[in-house]
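Excluded from the calculations below are hydrogen atoms, water molecules and symmetry mates; all remaining heavy atoms, backbone and side chain alike, are included. Worth saying up front: this structure is predicted, and the values here are computed from it rather than measured.
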Amino acid sequence: MKAALQMDFTAERKAMVDSQVRVNDVTDRAIHLAMMAVPRESYCAPDRAFAAYSEESVVIAGERRLMPARDVAKLLQAADARTGEKALAIAAPYAAAVLARMGVTVTAQESDDAVFAVVGEVLAAEGVTTVVAPLAQPAGEGWDLIISEGGVQSLPESWGAALRPGGRIVVVERRGAIGKAALYVQTREGLSRRELFDSSPLVLAELTPAPTFAL
């Protein structure tokens with residue numbers, strides 16, 4: 001029974017890449033191969049494993065969701081990750097695993113113990129280093145790449161400061177119903193920004209500024 005279930009998920013991984021990734025202009029074969037190898041069902045709540053390869057944002061724990069595979073793939077293609085680079089995946093466990101399969105040295109940072117309880121062990125099995133720390137405080141510095149599967153209202157300055165010169169950030173900025181994925185590059189003049197595509201992940205609650213009220 002276990003073998004049959006695994007074969008079902010293997011077929012679903014290929015179907016996901018064929019129907020959600022390739023058809024959305026993601027042409028990087030390294031991304032295709034990595035996404036067909038990573039067991040996406042292991043990165044969501046166990047009772048939601050059946051939905052892991054759907055087009056929806058699947059629950060990990062609490063309010064945290066896996067970003068749809070299409071959006072992860074498009075972020076990764078824009079990031080242009082290269083073998084041997086080092087990446088920090090902030091609230092991005094599935095992206096961390098895909099990057100690891102692509103030959104990138106990855107650290108996955110989470111702040112929620114409930115999320116880490118779901119993804120920590122399987123990330124370690126992929127060779128990903130894990131850190132539990134506030135999301136606004138990136139672990140380490142000099143990163144080639146930072147990626148997040150959660151939305152932010154605006155890019156935290158601390159994330160940009162953690163990049164090496166030429167380093168990239170791919171993230172979705174969302175202030176309304178529809179967000180915009182963006183690519184940031186650390187240049188000598190500061191961070192450059194280029195919009196990529198529409199996306200609507202839930203905004204990470206701990207990175208959402210508290211509302212202010214005028215007296």
Side-chain angles (χ1 to χ4, degrees), residues 6 8-44 49 51-58 60 65-110 119 122-130 143-151 159 163-164 166-173 179-185 193-201:
Q6 184 61 43
D8 288 342
F9 280 131
T10 299
E12 287 184 33
R13 281 195 284 277
K14 184 178 186 307
M16 175 191 73
V17 171
D18 289 342
S19 65
Q20 300 176 41
V21 176
R22 286 193 173 103
V23 298
N24 281 293
D25 300 319
V26 178
T27 57
D28 189 327
R29 183 163 171 77
I31 295 174
H32 300 167
L33 292 174
M35 294 184 87
M36 284 192 287
V38 172
R40 186 172 163 89
E41 70 276 7
S42 298
Y43 294 88
C44 58
Y53 298 96
S54 69
E55 297 183 19
E56 67 181 79
S57 299
V58 187
I60 304 172
R65 304 285 188 273
L66 284 181
M67 178 178 272
R70 171 248 187 203
D71 292 4
V72 173
K74 289 175 79 68
L75 287 178
L76 290 173
Q77 181 160 270
D80 190 24
R82 299 149 206 160
T83 299
E85 288 192 317
K86 57 176 198 168
L88 179 64
I90 299 178
Y94 177 65
V98 174
L99 283 166
R101 295 274 182 154
M102 294 170 66
V104 176
T105 301
V106 187
T107 296
Q109 180 170 338
E110 293 289 346
V119 304
V122 69
L123 281 171
E126 292 283 358
V128 174
T129 300
T130 55
W143 297 103
D144 297 299
L145 172 63
I146 294 176
I147 185 170
S148 179
E149 291 182 47
W159 291 15
L163 290 177
R164 67 159 178 83
R168 293 93 64 205
I169 297 173
V170 281
V171 66
V172 177
E173 295 172 313
K180 293 286 185 182
L183 167 68
Y184 286 87
V185 179
R193 180 183 183 276
R194 177 165 64 89
E195 286 191 357
L196 301 171
F197 56 91
D198 291 346
S199 180
S200 301

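Partner of I147 under the side chain to side chain contact (heavy atoms under 4.5 Å, CB included) criterion, out of L76, V106, L88: L76 alone.
Residues passing the side chain to side chain contact (heavy atoms under 4.5 Å, CB included) test with S42, sequence neighbours excluded: P39, V122. Annotation: side-chain hydrogen bond (donor to acceptor under 3.5 Å, both in side chains) contacts of S199 (sequence neighbours excluded): D71. With sequence neighbours excluded, no residue forms a side chain to side chain contact (heavy atoms under 4.5 Å, CB included) with D25.
Within the model, atoms CD1 of I31 and CE of M36 stand 12.0 Å from one another, a figure rounded to the nearest 0.5 Å. Atom SG of C44 sits about 9.5 Å away from atom CD of E56, to the nearest 0.5 Å. With values rounded to the nearest 0.5 angstrom, W159 atom CH2 is found 7.5 Å from I169 atom CD1. Note that CG of L66 and CZ of R40 are 5.0 Å apart. Values are rounded to the nearest 0.5 Å.
The shortest non-hydrogen separation linking S57 to R65 is O-CD, 3.7 Å. Summarising the geometry of S54 relative to V58, their closest heavy-atom pair is OG-CG2, 4.3 Å, with the distance given to 0.1 Å. The minimum heavy-atom distance between D28 and A30, with the atom names listed, is OD1-N, 2.9 Å. For the pair A73 and M35, the tightest heavy-atom approach, listed with the atom from each and the gap, is CB-SD, 3.8 Å. What you find for S148 and M67 is that their closest heavy atoms are O-CE, 4.2 Å. Scanning both residues, P93 and I60, for their nearest heavy atoms gives CG-CD1, 4.0 Å.
Contact of the Y184 side chain with the I146 side chain is not registered, since no non-hydrogen atoms from C-beta on lie closer than 4.5 Å. Inter-residue side-chain proximity for L145 and V170 is flagged as met; some heavy-atom pair is nearer than 4.5 Å. Side-chain atoms of R70 and V23, non-hydrogen and from C-beta on, never get closer than 4.5 Å to each other. The shortest distance between side-chain heavy atoms of R193 and L183 does not fall below 4.5 Å. Within the 4.5 Å cutoff, no side-chain heavy atoms of V72 are placed close to those of K74. Contact annotation: the side chain of P68 never approaches that of E55 to less than 4.5 Å [non-hydrogen atoms, C-beta and beyond].
The stretch residues 75-89 participates, sequence neighbours left out, in these salt bridge (charged side-chain N to carboxylate O under 4.0 Å, His left out) pairs: D80-R82, R82-E85, E85-R164, E85-R168.
A donor-acceptor distance shorter than 3.5 angstrom exists from the side chain of Q77 to the backbone of T27, with no hydrogens or angles considered.
In this structure, a donor-acceptor pair under 3.5 Å is absent between the side chains of E149 and Y43.
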Should L196 and K180 be marked as a side-chain contact (heavy atoms from CB on, under 4.5 Å) after you check the CA-CA gap, both sets of side-chain angles, and the distance that decides it? CA-CA 7 Å; L196 301 171; K180 293 286 185 182; over 6 Å; no

Atom pairs and distances, donor-acceptor, side-chain atoms in residues 14-21, under 3.5 Å, two or more places apart:
{"residue": "K14", "atom": "NZ", "partner": "D18", "partner atom": "OD2", "Å": "2.8"}
{"residue": "D18", "atom": "OD1", "partner": "R22", "partner atom": "NH1", "Å": "2.3"}
{"residue": "S19", "atom": "OG", "partner": "A15", "partner atom": "O", "Å": "2.7"}
{"residue": "Q20", "atom": "NE2", "partner": "Y53", "partner atom": "O", "Å": "2.9"}

Identify all side-chain donor-acceptor contacts of residues 94-102 below 3.5 Å with residues at least two apart in sequence or on another chain.
{"residue": "R101", "atom": "NE", "partner": "E126", "partner atom": "OE1", "Å": "2.8"}
{"residue": "R101", "atom": "NE", "partner": "E126", "partner atom": "OE2", "Å": "3.3"}
{"residue": "R101", "atom": "NH2", "partner": "E126", "partner atom": "OE2", "Å": "3.0"}

